[in-house]
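Heads up, the thing below is written out as structure tokens.
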Amino acid sequence: MTEPAGALLTALYGAFDGLRDACATYTPSLVPEEIGIITSLSTGIATISGLPNLGNEELVSFAGGRLGMAFNVDEDEVGLILLCDYQDLHVGDEVRRTGRVMDVAVGNALLGRVLDPLGNPIDGKPLVLTENRLPVERPAPAIMDRAPVSVPLQTGLKVVDAMIPIGRGQRELILGDRQTGKTAIAIDTILNQRGQNVVCVYCAIGQRASSVAKVIANLQEKGAMEYTVVVVAEGNNAPGLVYITPYAATSIAEWFMEQGRDVLIVYDDLTQHAQAYRELSLLLRRPPGREAYPGDIFYIHSRMLERSTHLIKELGGGSLTALPIIETDAQDISAYIPTNLISITDGQVYLSPTLFELGVLPAVDVAQSVSRVGSQAQKPAYRAVAGDLKLAYSQFEELETFAKFGTHLDDATRKSIDHGQRIRACLKQPESQPVAVAEQIIVLIALQAGLFDQMPLNKVPDGELALQKALADLSKEVAGRLMSEDKLSDEDHKAIVDLAKGALASFQPKPDPGPPAKESK
């Protein structure tokens, strides 16, 4: 026998000896497994029996890896919300316990990806592989773990940053009628975080696929997907998926916050979320309340938004800023869901359809918008001009309504209206064109100094561009204080005003030379 053949036989004998020893020492054990059956099935929900130890919000699995979540745990049966299409399920099918609650993959690998709430990619790229998973339902940070909101989150929108400022760790509601620009404000805020070391999570809840595709294309075009995670449940998905989507997105955002990062999450929109929860609750025969919503509709939103906060330094100092979006019907902000969200959040940005129709974009109604926290985080240079600006703008809106009656106006009133019209013109801003902080402040200082008051309204946008270009001529010391936590001195303010006067000189109307002098005979 050749030497290689002998070595092969020796290896085979050794392998068989190992198998013989393993079989001799193997002790079979019985592993109990609970299996139930589907007793009834409907759109988005199912009831099962045979799983007496199933816990609330525990996942169950059907054939083919489909999932459901325990929602109603009764004595004789369990009501499930389905996280899959129900067409392939039938009464009598087996249901198995998984022993775990609903969780989602988290980690840096999610940046730039588009996922469903189960963590499956829907962007045509490979499956996301991460080391960590978090439950979608988590308790909010304790009061003692929270730090004050002290750093602004710049949206790049002049009207918001100046009059309704948002701080990192704040919850600011965006509400308004359909097609008034709510999503545009949120997307502009995401675009403005480029280079600001802020991770963004865009959560699309029950939206049309075309609308979500448009948003993703915009983020990709502007280079924002590299720091953004998109979590999507489309309108034709199961209502159970729509329901868990914002919780899954919040857990993804919380992981980044716990790493010490600043995070922005956009919920677009919670109207669809509330309707999906109402649908599931009514199908599972939970008692209906006001507008047929179940009594805990307030709680499902509050426990989610309470997870947004600014953590203390001992926990990394990260923050989670939430921008929930809600849709109103016929400008009714006193409806059930809008009032719930207004009472949960730290302020609201209200978009007026009247302003939208007039072409005032973004169509923010300053009188009905408020920020209860952000002004504490506003930069001192901003705070010095924003207070007077909001007062002057509010007075202008009242006077403008009064002037529509054709009443004769005195010079002071006419001057206030002219000034307010220039403020409104300066606060207009095209979509997807955020403005940097220093450029915003120099425009607001020029407004406060009345440098736009004599300028024709159609020249105001050109004047703004000239001011933003002139910012390069400002001394580095003064420009640095615009972005710092130091107040502007009188000399700094004067230097900025003088610079603005020079930049806007060519836009001012030329003085009337008066009638020509008569020739002497």
Side-chain angles (χ1 to χ4, degrees), residues 104 106 110 117 134-155 160 164-175 182 185-186 189-190 192-193 196-205 227-231 244-271 273-274 297-313 315-326 337-338 340-349 370-377:
V104 66
V106 296
L110 271 59
L134 288 178
V136 299
E137 292 272 13
R138 304 180 71 207
I143 295 296
M144 298 306 293
D145 294 340
R146 300 173 184 245
V149 175
S150 56
V151 180
L153 181 92
Q154 303 295 342
T155 67
V160 176
I164 318 133
I166 301 171
R168 297 188 182 185
Q170 186 175 340
R171 300 155 297 177
E172 186 78 7
L173 178 65
I174 302 173
L175 76 163
K182 302 183 294 297
I185 284 184
T189 304
I190 292 177
N192 196 54
Q193 304 316 308
Q196 304 296 321
N197 196 28
V198 176
V199 175
C200 300
V201 179
Y202 177 74
C203 177
I205 309 168
Y227 55 86
T228 303
V229 183
V230 180
V231 184
I244 68 167
T245 297
Y247 299 102
T250 306
S251 291
I252 292 172
E254 276 185 320
W255 184 86
F256 288 104
M257 176 182 71
E258 291 167 357
Q259 308 306 307
R261 305 285 299 274
D262 290 315
V263 190
L264 168 67
I265 184 168
V266 174
Y267 302 103
D268 189 11
D269 65 57
L270 292 184
T271 307
H273 182 244
I297 188 69
F298 180 92
Y299 175 61
I300 73 162
H301 287 151
S302 63
R303 73 172 186 255
M304 177 176 65
L305 291 171
E306 281 296 324
R307 293 160 70 178
S308 301
T309 187
H310 179 204
L311 295 177
I312 57 176
K313 289 184 178 180
L315 296 177
S319 68
L320 176 55
T321 309
L323 294 181
I325 297 175
I326 205 80
I337 302 302
N340 277 354
L341 270 297
I342 287 172
S343 60
I344 294 169
T345 51
D346 306 311
Q348 69 272 355
V349 177
V370 65
S371 174
R372 302 186 184 96
V373 178
S375 58
Q376 301 299 317

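- Atoms OG1 and CD1, on Thr250 and Ile265 in that order, are 4.0 Å from each other to the nearest 0.5 Å.
- Residues Val266 and Ala186 come closest through the heavy atom pair CG1-CB, 3.6 Å.
- Proximity of Asn340 to His301: side-chain heavy atoms (C-beta onward) are nowhere separated by under 4.5 Å.
- The closest donor-acceptor contact from the side chain of Ser319 to the backbone of Thr309 lies at 3.5 Å or more, if one exists at all.
- Nearest heavy atom pair, residue Ala377 against residue Pro152, reads O-CD, 3.0 Å.
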request  = Begin from the C-alpha positions of Ile164 and Glu172 and carry the test side-chain contact (heavy atoms from CB on, under 4.5 Å) through to its verdict.
outcome  = CA-CA 9 Å; Ile164 318 133; Glu172 186 78 7; 3.3 Å; yes
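- Looking only at side-chain heavy atoms (C-beta outward), Leu341 and Leu305 come within less than 4.5 Å of each other.
- In plain terms, the two heavy atoms of Pro117 and Ala248 that are nearest each other are O-CB, 3.7 Å.
- Counting heavy atoms from C-beta on, the side chains of Leu153 and Gln170 never come closer than 4.5 Å.
- Closest of all the heavy-atom pairs between Gly318 and Asp262 is C-OD1, 4.3 Å.
- Of the inter-residue distances, the one linking Trp255 atom CH2 with Leu134 atom CG reads 9.0 Å to the nearest 0.5 angstrom.
- Proximity of Ile342 to Leu175: side-chain heavy atoms (C-beta onward) are separated by under 4.5 Å at one or more points.
- Looking at heavy atoms from C-beta onward, Arg261 lies in side-chain contact with Asn197 at the 4.5 angstrom threshold.
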task = Go through the steps to decide whether Arg303 and Tyr247 satisfy the test side-chain contact (heavy atoms from CB on, under 4.5 Å), and finish with yes or no.
result = CA-CA 10 Å; Arg303 73 172 186 255; Tyr247 299 102; 3.6 Å; yes
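- Using a 4.5 Å heavy-atom threshold, the side chains of Val198 and Arg168 count as touching.
- In this structure, Arg146 and Ile312 have side chains that are not in contact, with every pair of non-hydrogen atoms separated by 4.5 Å or more.
- With a 4.5 Å cut-off on side-chain heavy atoms, Val106 and Phe256 do not count as touching.
- Partner of Val349 under the side-chain contact (heavy atoms from CB on, under 4.5 Å) criterion, out of Val370, Ile325, Ile185: Ile185 alone.
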ask   = Stepwise, does the side-chain contact (heavy atoms from CB on, under 4.5 Å) test hold for Ile297 with Ile337?
value = CA-CA 8 Å; Ile297 188 69; Ile337 302 302; 3.8 Å; yes
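- Here the OH-CG distance, from Tyr267 to Leu323, works out to 10.0 Å after rounding to the nearest 0.5 Å.
- The distance from the CG atom of Leu311 to the CD atom of Glu258 is 7.0 Å, given to the nearest 0.5 Å.
- Taken from OG in Ser371 to CG in Leu173, the straight-line distance is 12.0 Å, to the nearest 0.5 Å.
- When all heavy atoms of Leu320 and Ser308 are compared, the pair lying nearest together is O-CB, 3.3 Å.
- Residues Arg307 and Ser251 have side chains that bring a donor and an acceptor to within less than 3.5 angstrom of each other.
- For Pro324 against Leu270, the heavy-atom pair with the smallest separation is CB-CD1, 3.7 Å.
- With rounding to the nearest 0.5 Å, the separation of CG in Asp268 from CD1 in Ile326 is 10.5 Å.
- With Gln193 contributing its side chain and Gln154 its backbone, the two residues share a donor-acceptor pair below 3.5 Å.
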